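In what follows, chains carry the letters A, B, and so on, assigned in the order in which the sequence lines appear, proteins first and then strands, with residues in each chain numbered from 1. Just so you know, these numbers come straight off a predicted model, no measurement behind them. Computed from heavy atoms alone, side chains included, the values below leave out hydrogens, waters and symmetry copies.
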Amino acid sequence: MANHIVTLTTDFGASDHYVGAIKGVILKLNPEATIIDISNSVNSFDILDGALTIAQSYSYYPSDTIHMVIVDPGVGTARRPLLVTTEKHRFIAPDNGVLSLVYEREERLSVRHITADHYFLQPVSQTFHGRDVFAPCAGWLSKGVEVGKFGDEITDFARFAAPKPKPSTPQILKGVVLKADKFGNLITNITAKDLPKMFEATAPTFKLICGQKEVTTRRDAYAQGMNQEVFAILGSHGFLELASNRGSARTLCQADRGTEVGIMVEGVSYNIAPPAAAGS
Amino acid sequence: MANHIVTLTTDFGASDHYVGAIKGVILKLNPEATIIDISNSVNSFDILDGALTIAQSYSYYPSDTIHMVIVDPGVGTARRPLLVTTEKHRFIAPDNGVLSLVYEREERLSVRHITADHYFLQPVSQTFHGRDVFAPCAGWLSKGVEVGKFGDEITDFARFAAPKPKPSTPQILKGVVLKADKFGNLITNITAKDLPKMFEATAPTFKLICGQKEVTTRRDAYAQGMNQEVFAILGSHGFLELASNRGSARTLCQADRGTEVGIMVEGVSYNIAPPAAAGS
Amino acid sequence: MANHIVTLTTDFGASDHYVGAIKGVILKLNPEATIIDISNSVNSFDILDGALTIAQSYSYYPSDTIHMVIVDPGVGTARRPLLVTTEKHRFIAPDNGVLSLVYEREERLSVRHITADHYFLQPVSQTFHGRDVFAPCAGWLSKGVEVGKFGDEITDFARFAAPKPKPSTPQILKGVVLKADKFGNLITNITAKDLPKMFEATAPTFKLICGQKEVTTRRDAYAQGMNQEVFAILGSHGFLELASNRGSARTLCQADRGTEVGIMVEGVSYNIAPPAAAGS
C-alpha cells in the first residue's frame with residue numbers, strides 16, 4: 001500500500017487562505033492523503049529558513065513520504081518546479097536552493113524538472129504555483145503516478161552551501177547565527193566537525209562572543225542555567241546553540257539570524273593561509 | 001462511502017484551547033473524520049475576512065466536504081445557526097453573512113436554520129457555540145445524518161454584498177484594499193469585470209494611488225519587481241493586487257485593509273450620473 | 001480496533017521544525033495515527049498555561065485518545081517522563097505539574113514513570129525529549145503496546161493547585177486572571193463554587209475591579225455589551241470572564257495573566273479568621 005503522507009513546509013502563513021487551498025487541491029485528487037503541517041510559518045521569502053526547517057525534520061518521516069517545500073519568491077518566472085527523490089523520501093519544491101541541505105545530506109539523489117503540465121491546475125496563475133503546480137503534483141504522486149512521468153532528470157539544479165564557520169585568526173573561529181527559534185535560542189552554524197572540543201562530554205575552557213554577550217559556560221540542560229545567564233549548549237540539531245534558562249538568548253544577546261559568533265577554545269588553534277603579500 | 005472531510009475556518013486562533021475542543025467534539029462523534037485547518041487566524045470578529053478566506057478555498061475541496069466557518073461575534077444572541085448546501089459543498093456557520101461570498105458564487109443553494117438541538121452538546125454555553133452547536137452538527141453530518149434532519153429551509157438569511165469598485169469621476173475608478181496578506185501584498189476588490197484592460201496580456205498605461213504610493217507599473221511575476229518598487233499584479237484570487245518583490249507593499253504604501261485605491265487607465269472612462277442639481 | 005488519535009499540546013510554536021519532527025517520529029512508528037494539534041502555541045516555558053489548555057480540551061476527545069502535553073523547561077534534567085492513564089484518556093508529559101488540572105478532575109488515576117528507554121530514539125538529545133522520548137512513546141502506545149511496559153507506577157509525581165480565590169475582607173473576594181485569550185477576554189479563576197450568586201440566572205448587584213476598570217454589569221452574550229464596555233460573563237470554561245463586545249478587555253482594563261481581581265457582591269460576606277494578635 002502506498003504511503004499517503006504529504007508534509008507542508010511553506011512561508012504561506014496561518015492567517016490567509018493559501019494553505020487551505022493547497023490542502024484542498026491535494027485532497028480533491030486523493031481524499032486518502034494524510035496532510036501534515038511541518039511549518040507554514042517559514043520567514044517570508046527566506047530560502048535558508050525553509051531549507052533549515054525541512055532538513056531538520058524530513059528524516060523522521062516514514063519512507064516514501066512526500067515533502068512539499070514551497071518558499072518561492074521566484075513564482076511565475078522561469079525557475080523550474082522540481083521533483084526530487086532520495087533513497088527514502090520525495091520532495092516537491094521550486095528550483096531555488098530550498099532543498100540544498102537535503103542535497104548535502106543525501107548520497108543518492110535524483111532531481112527531475114517537472115514538465116508534465118497536464119497534471120497542473122489550469123489555468124496556472126502567475127502568483128500561486130503552490131496551489132496550481134506543486135499541490136496537484138503532490139496529489140498525483142501520492143496516488144501512485146510514477147516519478148518518471150513528471151519530467152526528465154536534470155543535473156544543473158540550484159544549490160547553495162550553508163555558511164560554514166571559518167577561522168579569522170589562529171585562535172578564533174567565526175560562525176554565524178542561522179536562526180533564532182520560538183524560545184529565543186540562537187542556533188549557530190558550528191557543528192562537532194568544526195569544533196570537536198566543544199562537543200565533548202566535558203566542556204573545555206572557552207570564550208564566545210555573540211552580540212552584546214560574552215559566553216564562557218556550557219550547560220548540559222537548559223534548566224542548569226543561572227537566572228539571566230546566556231550559555232552554550234549542544235542543540236538537538238547537531239549545532240552549537242546559545243540559550244538561557246526560561247529566557248531568551250536572542251533578547252539577552254541582542255542578536256538574531258545573521259549575527260556573527262566568534263569563539264576561542266583553550267588549546268585549539270588553526271592554520272591560516274597568510275594573505276598574499278601586496279606587490280608580490 | 002461518505003466523504004469525511006471537515007474543514008475549519010475560524011477566528012479562534014492557535015494559542016488557546018478553542019480549536020482543540022472543537023476538533024475533539026467532531027472526533028468523538030466520528031473518529032474517522034479528517035479535520036483540516038483552512039485558517040483559525042481570521043481577524044477576531046471580522047466577518048468579511050472570514051468570508052474571503054472560505055470563498056477563496058472551498059471550491060478546491062472534494063465534493064461533500066463539510067466546511068465549518070465560525071466567526072461569530074453574535075454567539076449567544078438570537079442569530080441562527082445555519083446548514084448550507086450547494087451543488088457540491090456543505091457549510092456550517094452562524095447566520096451573520098460570513099457565507100455571503102459563497103452565496104454570490106453558487107447558483108443552487110439551500111439554506112437551513114439548524115433547530116435540531118438534540119444534536120447539540122448539552123448544556124449549550126452562552127459563549128462557545130463552535131464547540132457546543134456547530135462542531136456536533138458537523139460531526140453528525142459527517143456520519144451521514146441527512147441534511148433535512150437539522151432543520152427547515154429559510155430564505156431570509158443574512159448576506160452582504162462585498163464592496164464593489166465605483167467610478168468617482170469619469171476617469172477614476174475607486175476601489176478598496178480587502179486584505180493585506182502575510183507577505184504584505186494588498187489585495188484590492190478590483191476584478192477583470194470591473195476593469196478588463198488591467199487584466200489583459202499587455203498592461204495598459206495607468207496610474208494607481210494607494211496610501212503613500214503612486215503605482216504605474218504592472219508586473220507578471222513578483223520577482224520582476226525592482227528593489228522597493230510597488231507594482232500591480234493579477235492575483236491568484238482574480239483580484240488586482242499591489243505587491244513588492246521580497247518586500248511588503250503594506251509597509252511601503254502605508255496601507256492596509258480598508259485603504260482606498262483610485263485608478264486611472266488610459267483610454268478608459270465611465271458614465272457618471274450627474275448629481276441632482278440643488279434647488280431643482 | 002485501537003483508537004489512533006494523538007493530540008499535541010506544546011510550547012514548540014508554529015515557526016520552527018520542532019512540531020514537524022515530533023509528528024514524523026509518531027508517523028514513522030504508526031503511519032495510521034491521526035495527529036491533532038490542540039495548541040503548539042502555549043506560552044514558552046509556561047506550565048500553568050499548558051495545564052489550562054489541556055484541561056479545557058481533553059475531555060471532548062474519544063476514549064483512549066493519547067494526549068502529549070510537552071511544556072518542558074526541565075528537559076535534560078532528572079525530571080521524569082510520565083505516562084498517565086485515567087478512566088478514559090492517556091497522557092504523556094514531563095513530571096512538572098503540567099497535568100495538575102487533569103489530576104484535579106479525574107478520580108481514577110494511574111501515573112507511571114516511563115523508564116523503558118528501548119522505546120526512545122537513540123541517542124537521546126539533551127534538549128529535545130519531545131522528539132526523542134515523548135513522541136516515540138506516543139507512537140508505540142498508539143500501536144497497542146501495553147501501558148505497563150513503559151514503567152512502574154509512582155505516587156510522588158509533581159502537582160500544583162491552581163490558584164484559588166480567597167476573601168481579603170469580609171466583603172471582598174480576591175481572584176486572579178488565569179489567561180487572556182486571543183480575543184482579549186480575561187479568564188479569571190472564579191467559579192460557581194467560589195461565588196454562586198454571580199452564576200445565577202439573574203445577575204446580582206456587584207462591583208468588580210480588574211486593572212484600570214471597575215465592572216458592574218454582567219451580560220449573557222458578548223454582543224449585548226455596549227461599545228467599549230467591559231462586562232462580566234460566564235465563560236465556556238466554567239470561569240467568570242471579563243469581556244468586551246468586539247473589543248479586547250485586556251486592552252481596556254490594561255490587565256493580563258496574573259492581574260488581581262477583587263469582587264464585592266451585594267448580600268455576600270465571608271468569615272475571615274482574625275490575624276493572631278501580636279504578643280499573644
Please report the interatomic distance [atom1]([X]) to [atom2]([Y]), rounded to the nearest 0.5 Å.
| X | Y | atom1 | atom2 | answer |
| --- | --- | --- | --- | --- |
| A:Tyr18 | B:Ile38 | OH | CD1 | 14.5 Å |
| A:His17 | B:Tyr60 | NE2 | OH | 7.0 Å |
| A:Lys23 | B:Thr7 | NZ | OG1 | 10.0 Å |
| A:Asp37 | B:Asp37 | CG | CG | 7.0 Å |

Proximity breakdown for [X] and chain A, heavy-atom pairs closer than 4.5 Å:
| X | result |
| --- | --- |
| B:Ile233 | side chain |
| B:Thr9 | neither |
| B:Ile187 | side chain |

Select, from [options], the one with the greatest count of heavy-atom pairs under 4.5 Å involving chain B.
| options | answer |
| --- | --- |
| A:Asn40, A:Asp132, A:Thr127 | A:Thr127 |
| A:Ser125, A:Gly76, A:Ala21 | A:Ala21 |
| A:Ala135, A:Pro31, A:Gly74, A:Gly20 | A:Gly20 |

### Member of A:Leu27, A:Val19, A:Ile26 meeting the side chain to side chain contact (heavy atoms under 4.5 Å, CB included) criterion with B:Ile36
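Only one option passes, and that is A:Leu27.
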Where is the tightest heavy-atom contact between [X] and [Y], given as atom of each residue plus distance?
| X | Y | value |
| --- | --- | --- |
| B:Ser39 | A:Ala14 | OG-O, 2.7 Å |
| B:Arg246 | A:Pro73 | NH2-CG, 3.4 Å |
| A:Lys28 | B:Tyr61 | CE-O, 3.1 Å |

### Task
Determine, step by step, whether A:Arg131 and B:Ser236 satisfy the side-chain contact (heavy atoms from CB on, under 4.5 Å) criterion, reporting the C-alpha distance in whole Å, the side-chain angles of both residues, the deciding distance to 0.1 Å, and the verdict.
CA-CA 9 Å; A:Arg131 177 192 67 192; B:Ser236 59; 3.5 Å; yes
Check each atom of [X] against the heavy atoms of chain B and say whether the ones under 4.5 Å are side chain, backbone, both or neither.
| X | value |
| --- | --- |
| A:Asp72 | neither |
| A:Ser15 | both |
| A:Leu121 | side chain |

### Message
Working note: A:Phe45 + B:Phe183, criterion ring-ring contact (aromatic ring centres under 6.0 Å, His included); need CA distance, chi angles, decisive distance, verdict.
### Response
CA-CA 8 Å; A:Phe45 324 119; B:Phe183 302 99; 5.5 Å; yes
### Message
Taking the side chain as everything from C-beta on, heavy atoms only, tell me whether B:Lys182 gets closer than 4.5 Å to A:Asp11.
### Response
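A side-chain contact exists here, since the closest heavy-atom pair is under 4.5 Å.
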### Task
Look at atom CD of A:Gln122 and say whether more than 12 heavy atoms of other residues, nucleotides or ligands are closer to it than 6.0 Å.
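For A:Gln122, atom CD is crowded (more than 12 foreign heavy atoms under 6.0 Å).
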### Residue A:Asp152 excluded, over 12 heavy atoms near CG under 6.0 Å
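For A:Asp152, atom CG is not crowded (no more than 12 foreign heavy atoms under 6.0 Å).
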### Message
Go through it in stages, so that I can follow the logic: the residues are B:Asp181 and A:Phe12, the test is side-chain contact (heavy atoms from CB on, under 4.5 Å), and I'd like the CA-CA distance, side-chain angles, deciding distance and then a yes or no.
### Response
CA-CA 9 Å; B:Asp181 74 9; A:Phe12 286 121; over 6 Å; no
### Contact leader toward chain A among B:Asn43, B:Thr53, B:Asp49, where contacts are heavy-atom pairs under 4.5 Å
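It is B:Thr53.
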### Message
Below 4.5 Å, heavy-atom pairs only: which of B:Gly247, B:Ser248, B:Ser63, B:Pro62 has the largest tally toward chain A?
### Response
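Of the candidates given, the most pairs with chain A belong to B:Pro62.
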### Task
Run the numbers on B:Arg219 and A:Gln126 for side-chain contact (heavy atoms from CB on, under 4.5 Å), then give the verdict.
CA-CA 10 Å; B:Arg219 301 287 184 188; A:Gln126 295 166 319; over 6 Å; no
### Query
Should the pair A:Asp16-B:Lys179 be classified as a salt bridge under the 4.0 Å nitrogen-to-oxygen rule?
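Looking at B:Lys179 together with A:Asp16, the answer is yes, because their closest N to O distance falls below 4.0 Å.
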